Amino acid sequence: MTSPVRVRFAPSPTGFLHVGSGHSALANWLVARQTGGEFLLRIEDTDAERNRPELVDNVLEMLQWLGLQWDGEPVRQSERGQLHADAAAKLVAAGAVYFCDCTSEEVQARNKAAGGKPGYDGFCRDRGLEPGPGRAARFRTPREGRTGWTDLVRGEISFANADLEDFVVLRGDGSPVFLLANAFDDADMGITHVIRGEDHVNSTPKYLLLLDGLGLSRPTAFAHMPLLVNEQRKKLSKRRDDVSMADYRERGYLPEAMVNYLALLGWGPSDGVEVRPIAEIIDRYRLEDVNASPAFFDQKKLSFVNAEKIRALPVPEFLARARPFLTHGEASAAALESLATEVQERVRTLAEVEPMIEFLVVDEPEVNEASWTKAITKGKAVAEMLDATIAWLEALDDDAWQPEPIQRAVSAAAIDAGLVNAEGGPQLSKAQGPVRVAISGRTVGPPLWESITVLGRERTLARLRVTRGRLG
RNA sequence: GCCCCCAUCGUCCAGCGGCCUAGGACGCCUCCCUUUCAAGGAGGUAACACGGGUUCGAAUCCCGUUGGGGGUGCCA
């Protein structure tokens with residue numbers, strides 16, 4: 001029997017949570033949930049310079065939004081300095097490290113003279129320098145042999161030790177570097193599976209050597225997830241790409257859509273069903289089945305998944321989710337409620353809800369220029385159609401202000417205006433254009449009869465007259 | 001430069017030696033349905049990077065080439 005799985009997500013709060021980290025966090029979470037293991041959180045906040053407390057809040061908030069609930073209290077790496085210092089002392093005592101007083105300028109200069117190869121050249125390796133201010137401790141990497149591991153997504157990976165430079169473990173000021181804190185904490189927290197991005201592959205042999213030097217056991221498994229890339233096939237970057245998780249939330253994406261889509265990058269269920277409940281993904285997800293090649297973060301497909309998830313929502317749930325995106329408060333909410341299913345089926349994001357119902361809320365619908373041109377300027381028999389529609393709708397009494405009678409009225413108006421098809425019936429595809437623009441300002445929107453019903457007799461007729469008036 | 005990784009439609013996946021005339025999804029295009037837009041239905045477009053092996057048989061295994069990516073800090 002193997003020990004229970006313990007995984008961790010270890011973000012450094014130097015930026016907002018982005019979709020790439022979300023991808024790694026999700027993989028960790030899925031493995032924990034499917035094995036009954038634990039998903040731990042460790043905030044790697046040792047870089048006081050770049051750290052910002054509010055970014056920690058953002059990371060936690062986004063994980064919660066995504067539904068990736070962690071187990072236990074988040075661990076703050078900055079509070080574990082003593083442990084790291086003790087570990088470093090152990091390395092010093094064991095002779096696993098040596099001290100070095102080279103400045104990076106000196107190292108670079110020597111490398112340049114030696115033919116431009118980067119990395120530390122081992123200058124101080126045998127100088128026997130004592131510890132002292134400004135002197136960094138470097139790990140004495142083996143000159144021979146290889147260091148490797150079995151990667152759940154990539155298979156066997158190994159590096160020649162000779163290619164590993166004597167990397168810094170303690171800075172000149174005595175503080176431990178990331179790699180030491182990271183490897184030590186993983187071991188100390190009992191992490192069994194280290195699941196992270198591909199960008200950590202190259203530092204893994206050093207991580208392993210460090211654990212060996214510390215006498216700590218290695219994790220039972222590693223999994224290096226494929227990087228998420230942009231259309232140029234470059235690693236997603238904060239600077240040029242749309243990567244902020246919070247931005248996606250603000251743009252009306254559902255967390256379940258984001259999580260489902262993220263799971264699909266690098267992995268796919270063998271039955272081909274891509275959009276499905278998270279519980280099913282938990283059951284089917286296997287690190288062994290994850291692709292090692294980089295995956296393009298495709299917003300179009302994300303939008304598709306989002307639309308599917310929105311349509312799958314029970315109506316009351318849809319209304320609740322859309323609520324924060326409504327800009328006219330109660331009025332918007334009431335308007336949306338009256339056309340809920342019609343709107344729900346038509347939006348790809350929650351941010352698209354408000355524009356679709358705004359005509360019901362504002363006094364004057366904003367007229368979309370392209371729509372006006374298409375349906376009014378270039379429309380046929382527009383004046384006749386509007387006149388006839390006004391006449392037929394005026395004839396409806398309040399009790400008859402319902403979709404069915406309204407449809408009949410507009411159909412009759414179409415016939416009056418001469419907008420008929422080959423069989424002499426109303427040509428609604430043409431006829432509804434001017435009416436739609438008159439009441440909503442746009443050529444697209446929820447079904448017309450329902451829209452008119454909700455808009456109400458008075459406002460509908462007023463808008464039709466105003467539009468008719470503009471024609472002169 | 002060096003090290004490591006990767007390589008199936010435009011994109012994301014399926015395929016794990018014969019079931020492949022290479023399948024699904026997104027996108028795009030056409031048609032149907034239809035009051036617009038969606039949704040739905042029916043089609044279409046489009047890929048195993050290349051060259052050598054291994055094998056009776058290779059998209060699947062091996063080697064090389066080419067191409068792409070990542071790493072290369074006293075950042076995390």
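In this text, all values refer to a predicted model and were calculated from it rather than measured experimentally. The sequence lines fix the lettering, A, B, ..., with proteins before strands; numbering per chain opens at 1.
If you take atom P in G18(B) and the same atom in U60(B), they sit 12 Å apart, rounded to whole Å. The gap from the P atom of U54(B) to that of A59(B) amounts to 16 Å, rounded to the nearest Å. Rounded to a whole angstrom, the distance from the P atom of A7(B) to that of C48(B) is 16 Å. Comparing G24(B) with C63(B), their C1' atoms are spaced 33 Å from each other, to the whole Å. Taking atom C1' on both U45(B) and C6(B), the two are 28 Å apart, rounded to the nearest angstrom. Comparing U34(B) with C20(B), their P atoms sit 38 Å apart, to the nearest whole Å. Going from the C1' atom of A14(B) to that of G23(B) covers 7 Å, rounded to whole Å. Only the P atoms considered, C16(B) is 15 Å distant from A22(B), to the nearest whole Å.
Checking G23(B) for Watson-Crick or G-U wobble geometry (two distances, each under 3.5 Å) identifies C13(B) as its partner. Summarising the base pairing, U60(B) is matched to no nucleotide, lacking a Watson-Crick or G-U wobble pair whose two defining distances lie under 3.5 Å. Under the Watson-Crick or G-U wobble criterion, with both distances below 3.5 Å, A7(B) is paired with U66(B). Figure legend. A42(B) is base-paired to U30(B); pairs are counted as Watson-Crick or G-U wobble with both atom distances under 3.5 Å. The partner of G71(B), taking Watson-Crick or G-U wobble pairs whose two distances both stay under 3.5 Å, is C2(B).
Two residues are said to be in side-chain contact when any heavy atoms from C-beta on lie closer than 4.5 Å; Val343(A) and Leu336(A) meet this criterion. Counting heavy atoms from C-beta on, the side chains of Val243(A) and Phe16(A) never come closer than 4.5 Å. At a threshold of 4.5 Å between non-hydrogen side-chain atoms, the residues Tyr261(A) and Phe304(A) do not count as touching. Residues Asp166(A) and Phe123(A) are not in side-chain contact: their nearest non-hydrogen atoms beyond the backbone lie 4.5 Å or more apart.
Computed from coordinates, the Phe167(A) CZ to G71(B) C1' distance equals 15 Å when rounded to whole Å. Following rounding to the nearest Å, Leu265(A) (CG) and C12(B) (C1') show an atom-to-atom distance of 7 Å. Atom-to-atom, CG of Asp289(A) to P of C12(B) comes out at 18 Å; the value is rounded to the nearest Å. In this entry the distance linking CZ of Arg284(A) with P of A14(B) reads 14 Å, nearest Å. Nucleotide C28(B) holds its C1' atom 14 Å from the NZ atom of Lys301(A), rounded to whole Å. The nearest whole Å value for the distance from the NZ atom in Lys234(A) to the P atom in G69(B) is 4 Å. Rounded to whole angstrom, the span from the CG atom of Asp271(A) across to the C1' atom of G15(B) amounts to 14 Å. With rounding to whole Å, Glu274(A) atom CD is found 11 Å from G27(B) atom P.
Note on Glu317(A) versus Arg321(A): salt bridge recorded, some NZ/NE/NH1/NH2 to OD/OE distance being below 4.0 Å. Electrostatic pairing of Glu130(A) and Arg135(A) does not count as a salt bridge here, judged by no charged N lying under 4.0 Å from a carboxylate O. Remark: Arg8(A) does not engage Glu44(A) in a salt bridge, criterion side-chain N to carboxylate O under 4.0 Å. In summary, Arg468(A) and Asp387(A) engage in a salt bridge, as defined by a charged side-chain N under 4.0 Å from a carboxylate O.
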Using atom names, set out every protein N or O paired with an N or O of nucleotides 72-76 of chain B below 3.5 Å, distance rounded to 0.1 Å.
residue : atom : partner   : partner atom : Å
C74(B)  : O2   : Gly172(A) : N            : 2.8
C74(B)  : N4   : Cys102(A) : O            : 2.9
C75(B)  : OP2  : Arg171(A) : NE           : 2.4
C75(B)  : O3'  : Arg171(A) : NH2          : 3.2
C75(B)  : O2'  : Asp47(A)  : OD2          : 2.7
C75(B)  : O2   : Arg50(A)  : NH2          : 2.7
A76(B)  : OP1  : Arg171(A) : NH2          : 2.2
A76(B)  : OP2  : Arg171(A) : NH2          : 2.9
A76(B)  : OP2  : Phe178(A) : N            : 3.0
A76(B)  : O3'  : Glu44(A)  : O            : 3.1
A76(B)  : O2'  : Ser12(A)  : OG           : 2.7

Could you go through nucleotides 4-10 of chain B and list every protein N or O atom that sits under 3.5 Å from one of its N or O atoms, giving the distance for each pair?
residue : atom : partner   : partner atom : Å
C5(B)   : O2'  : Arg154(A) : NH1          : 2.6

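In this structure Phe325(A) satisfies the ring pair (Phe, Tyr, Trp, His ring centres under 6.0 Å) test with no other residue, sequence neighbours excluded. Here Leu83(A) pairs with Arg80(A), Phe184(A), Asp188(A) under the side chain to side chain contact (heavy atoms under 4.5 Å, CB included) rule; sequence neighbours left out. Residues forming a side chain to side chain contact (heavy atoms under 4.5 Å, CB included) with Glu384(A) (at least two apart in sequence, or on another chain): Ala381(A), Ala417(A). Remark: Arg276(A) engages Pro269(A), Asp271(A), Val273(A), Glu280(A), Ile281(A), Arg284(A) in a side chain to side chain contact (heavy atoms under 4.5 Å, CB included) (not counting sequence neighbours). Phe359(A) meets the ring pair (Phe, Tyr, Trp, His ring centres under 6.0 Å) test with no other residue; sequence neighbours excluded. For Asn291(A), the side chain to side chain contact (heavy atoms under 4.5 Å, CB included) partners at least two apart in sequence or on another chain are Ser293(A).
Asn230(A) comes within 4.0 angstrom of no nucleic acid atom, judged by non-hydrogen atoms across all strands. Residue-level contact check: Lys430(A) touches neither bases nor backbone, having no heavy atom under 4.0 Å from any strand. Within the nucleic acid shown, Gly266(A) comes within 4.0 Å of sugar-phosphate atoms alone, with no base atom in reach, counting heavy atoms only.
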Hey, can you pull the donor-acceptor pairs under 3.5 Å for the side chains in residues 422-431 of chain A, sequence neighbours left out?
none

For a quick test of your reading: what N or O donor-acceptor pairs under 3.5 Å do the side chains of residues 223-230 of chain A make, sequence neighbours left out?
residue   : atom : partner   : partner atom : Å
His224(A) : ND1  : Asp151(A) : OD2          : 2.6
His224(A) : NE2  : Arg196(A) : NH1          : 3.3
His224(A) : NE2  : Thr204(A) : OG1          : 3.3
Asn230(A) : OD1  : Gln232(A) : N            : 2.8
Asn230(A) : OD1  : Arg233(A) : N            : 3.1
Asn230(A) : OD1  : Lys234(A) : N            : 3.0
Asn230(A) : ND2  : Asp241(A) : OD1          : 3.3
Asn230(A) : ND2  : Asp241(A) : OD2          : 3.2

* Nucleotide by nucleotide, 5' to 3', does protein get under 4.0 Å of the base (B), only the sugar-phosphate (S), or neither (-) in nucleotides 58-63 of chain B, counting heavy atoms? -> ------
* What string of B, S and - do you get for nucleotides 29-50 of chain B, 5' to 3', if B is base contact, S is sugar-phosphate-only contact and - is no contact with any protein heavy atom under 4.0 Å? -> ------BBBBS-----------
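For Leu302(A) and Pro269(A), each mapped to the nucleotide of RNA chain B holding its nearest heavy atom, the one lying further toward the 5' end belongs to Pro269(A).
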